[in-house]
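Heavy-atom basis, side chains included; hydrogens, waters and symmetry copies ignored.
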Amino acid sequence: MASTTNPADARVVVIGAGIAGLAAAVLLAARGLDVTVLERAPAPGGKMREVPVGDARIDGGPTVFTMRWVFEELFAEAGASLDEHVGLRPVSVLARHAWGERERLDLFADIGASADAIGRFAGAAEARGYREFCERARKIYRTLEEPFIRAARPTPLSLAAGAGLRGLSDMWGVSPFATLWKELGKHFRDARLRQLFGRYATYCGSSPFQAPATLMLVAHVEQAGVWLVDGGMHRLALALAGLAEAKGARFRYGAGVREIEAQDGRVSGVVLRSGERIGAEAVIANADLEALAGGLLGAAAQGAVERPAAERSLSAMTWCLEARASGFPLARHTVFFSRDYEAEFRDIFGRGRLPSAPTVYVCAQDRNDAGAGPDGPERLLVLTNAPALGDRRAFTAEETASCERNSFDLLRRCGLQVERRPEATVLTTPLGFERLFPATGGALYGRALHGWASSFGRPGAATRLPGLYLAGGSVHPGPGVPMAAMSGRLAAAQLLGHLDSTARSRRTAMPGGMSTR
């Protein structure tokens with residue numbers, strides 16, 4: 001960088017204390033850089049937020065911890081241990097699934113246990129199909145981890161070139177041009193099982209009828225381990241923020257950024273909404289790509305990125321509540337499926353309306369791995385998928401009431417009674433998510449992964465503006481807690497690489513024997 005002779009002297013501003021910004025801040029502070037994290041919310045976490053409901057605090061965002069190795073590596077790179085900062089308990093029951101009062105199926109971390117459960121639920125042929133599906137998911141994950149998940153900015157050509165002749169067959173085996181729904185049909189004849197495993201597309205905010213078959217790898221991710229975080233998922237964000245502070249990073253909450261500034265063709269700092277200016281040699285923007293492309297962070301940042309062409313991912317209607325739940329044996333994670341899965345996504349992506357027959361996810365946050373819960377009110381997150389239209393219109397009171405009625409009616413048809421109290425319920429709509437994360441319309445996963453090329457449509461960390469880097473679920477490698485953390489690691493690595501490269505170039509003698517130092 002033009003004004004930096006020692007990488008350790010560089011001032012870095014991280015905009016946003018979501019999981020990606022926290023990961024980047026930890027690594028950069030651990031390297032001795034001068035790091036300031038600016039977060040407009042009053043606490044870290046971004047979408048990994050806690051929602052106060054009366055005296056309780058409920059995880060209102062991600063609820064599942066997977067890919068533990070991402071965080072073990074992150075903490076280790078900072079000279080720390082994940083286990084010393086975060087309490088984790090492995091689970092044996094991944095989720096419970098219901099289609100009615102007598103149609104229930106549990107999936108387990110153990111493939112054999114899941115296969116046995118599927119055999120009892122749908123027959124021996126479906127159990128065999130499940131084992132074949134798991135093996136295929138494992139191969140897809142193995143094929144893509146190094147050249148895609150860990151890579152800075154993969155392309156179809158880079159994947160093919162990196163695979164070599166021997167690996168090309170493996171690359172073809174991930175079925176890049178097929179949809180997830182179509183490929184699931186090769187493993188499962190039972191429509192309920194296709195529906196269950198098609199749900200993996202929604203983990204990326206997408207429709208299983210349009211998302212690529214590569215998302216089958218999620219099955220392997222879950223079988224590799226799912227953990228409960230002691231104190232809730234928000235504790236992970238607090239632990240990362242604490243580690244970054246211990247390494248020297250400064251956090252400023254309630255500090256919204258108005259503009260990313262540039263001078264002489266490169267980043268020079270940021271301006272807060274208060275008018276305060278903070279100089280910096282580099283900025284990592286842990287914000288949705290839409291916010292930059294839409295000009296919310298100024299003209300310099302807007303010109304540094306391209307507006308994504310793909311349609312927005314899913315938003316949600318979420319109810320955080322304290323309530324008595326009875327009649328149905330809730331697990332920690334339970335999914336209640338609609339009878340017409342295709343209609344749900346046709347409503348959301350095709351018609352831009354709340355689904356008339358939603359699938360409903362319930363996270364019972366006081367339940368343990370065995371499903372045991374309190375004898376009384378418990379903390380519940382109830383979630384229904386919704387279109388990301390929060391910046392275009394608010395759903396009417398009638399639309400919202402209809403969605404709520406349809407969602408909780410499904411729970412009742414499956415045997416679950418939820419005794420709710422209005423004063424102990426907090427509803428967040430796509431408009432609410434738009435207010436929390438401006439320019440997204442409430443989309444929770446960036447752009448939808450629809451079509452074979454969509455996985456390559458997310459930008460990498462580097463931008464057209466030197467010194468500006470991107471991190472978060474809207475950039476590579478994609479949404480979800482571990483992927484967002486990986487994007488923060490990739491952004492920090494690229495920033496450090498550019499700093500080191502610039503420092504070396506400044507120490508190199510120029511023509512004529514003149515040294516720059």
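- The pair Glu101-Arg413 fails the salt-bridge criterion, with no side-chain N (NZ, NE, NH1 or NH2) lying under 4.0 Å from an Asp/Glu carboxylate O.
- Remark: of the listed residues Phe197, Phe133, Tyr141, Tyr141 is the sole one forming a ring-ring contact (aromatic ring centres under 6.0 Å, His included) with His220.
- At a threshold of 4.0 Å, the pair Asp391-Arg312 counts as salt-bridged, since one of the basic side-chain nitrogens sits closer than that to a carboxylate oxygen.
- Note that CD1 of Ile140 and CG of Leu215 are 9.0 Å apart. Values are rounded to the nearest 0.5 Å.
- Put simply, the side chain of Arg136 reaches to within 4.5 Å of the side chain of Met216, judged on heavy atoms.
- Of the possible donor and acceptor atoms, none in the side chain of Asn286 sits under 3.5 Å from a partner among the backbone N and O of Ile15.
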Query raised in the report: Going through the distances and angles, do Phe349 and Phe209 end up as a ring pair (Phe, Tyr, Trp, His ring centres under 6.0 Å)?
Result: CA-CA 11 Å; Phe349 288 110; Phe209 302 95; over 10 Å; no

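- Here Asp347 pairs with Arg351 in a salt bridge; the nearest charged N to carboxylate O distance falls below 4.0 Å.
- Using a cut-off of 4.0 Å between Lys/Arg side-chain N and Asp/Glu carboxylate O, Asp230 and Arg89 are scored as salt-bridged.
- In this structure the side chain of Tyr341 reaches within 4.5 angstrom of the side chain of Thr359, judged on heavy atoms.
- Checked options Arg339, Arg120, Arg96; the residue passing with Glu103 is Arg339 (criterion: salt bridge (Lys or Arg N to Asp or Glu O under 4.0 Å)).
- In this model, a donor atom of one side chain and an acceptor atom of the other lie less than 3.5 Å apart for Thr396 and Glu399.
- At least one donor-acceptor pair under 3.5 Å links the side chain of Ser474 to the backbone N or O of Leu289.
- Using modelled atom types, one side-chain atom of Glu434 and one backbone atom of Ala439 make a donor-acceptor pair closer than 3.5 Å.
- The closest side-chain donor-acceptor pair between Tyr130 and His187, if any, does not fall under 3.5 angstrom.
- Annotation: cation-pi geometry not satisfied between Arg40 and Tyr253 (NZ/CZ under 6.0 angstrom from ring centroid, within 45° of ring axis).
- Geometric assessment of Arg192 against the ring of Phe121 yields a positive cation-pi assignment under the 6.0 Å and 45° thresholds.
- There is a side-chain donor-acceptor pair under 3.5 Å between Gln195 and Trp99.
- A salt bridge is defined here as a Lys NZ or Arg NE, NH1 or NH2 lying under 4.0 Å from an Asp or Glu carboxylate O, and Glu73 with Arg489 meets this definition.
- Ionic pairing of Lys47 and Asp288 is not present here: no N-O contact between side-chain nitrogen and carboxylate oxygen is shorter than 4.0 angstrom.
- Within the 3.5 Å criterion, the main-chain N or O of Asp190 finds a donor-acceptor partner in the side chain of Glu126.
- Of the residues listed (Arg57, Arg324, Arg332, Arg379), the one engaging Asp366 in a salt bridge (Lys or Arg N to Asp or Glu O under 4.0 Å) is Arg379, and it is the only one.
- Formation of a donor-acceptor pair under 3.5 Å by the Ser487 side chain with backbone atoms of Ala471 is not found in this model.
- A donor-acceptor pair under 3.5 Å is formed between the side chain of Thr143 and the backbone N or O of Lys139.
- Between the side chain of His450 and the main chain of Ser207, a donor-acceptor pair closer than 3.5 Å is present.
- Ring centroids of Tyr361 and Phe336 are separated by 6.0 Å or more, keeping the two rings apart.
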Requested in this report: Begin with the C-alpha distance, continue with both residues' side-chain angles, and end with the deciding distance and a verdict on side-chain contact (heavy atoms from CB on, under 4.5 Å) for Ile111 and Arg131.
Outcome: CA-CA 7 Å; Ile111 292 175; Arg131 288 185 179 276; 4.2 Å; yes

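- Ion pairing between a basic and an acidic side chain is recognised when a charged N comes within 4.0 Å of a carboxylate O; Glu183 and Arg194 show no such pairing.
- The aromatic rings of Tyr203 and Tyr200 sit perpendicular, their planes meeting at an angle over 60°, well past the 30° parallel limit.
- Residues Thr66 and Glu222 bring no donor and acceptor atom of their side chains to less than 3.5 Å of each other.
- Put simply, the side chain of Thr384 never gets that close to the backbone of Pro358: no donor and acceptor are under 3.5 Å apart.
- With hydrogens and angles ignored, the 3.5 Å screen pairs no side-chain donor or acceptor of Glu344 with any backbone N or O of Pro355.
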Requested in this report: Decide side-chain contact (heavy atoms from CB on, under 4.5 Å) for Leu240 and Phe75; before the verdict, give the C-alpha distance in whole Å, the side-chain angles of both, and the deciding distance to 0.1 Å.
Outcome: CA-CA 9 Å; Leu240 285 168; Phe75 276 77; 3.6 Å; yes

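- Here the side chain of Asp369 pairs a donor or acceptor atom with the backbone of Val93 at under 3.5 angstrom.
- For the residue pair Arg49 and Thr428, a side-chain donor N or O sits within less than 3.5 Å of a side-chain acceptor on the partner.
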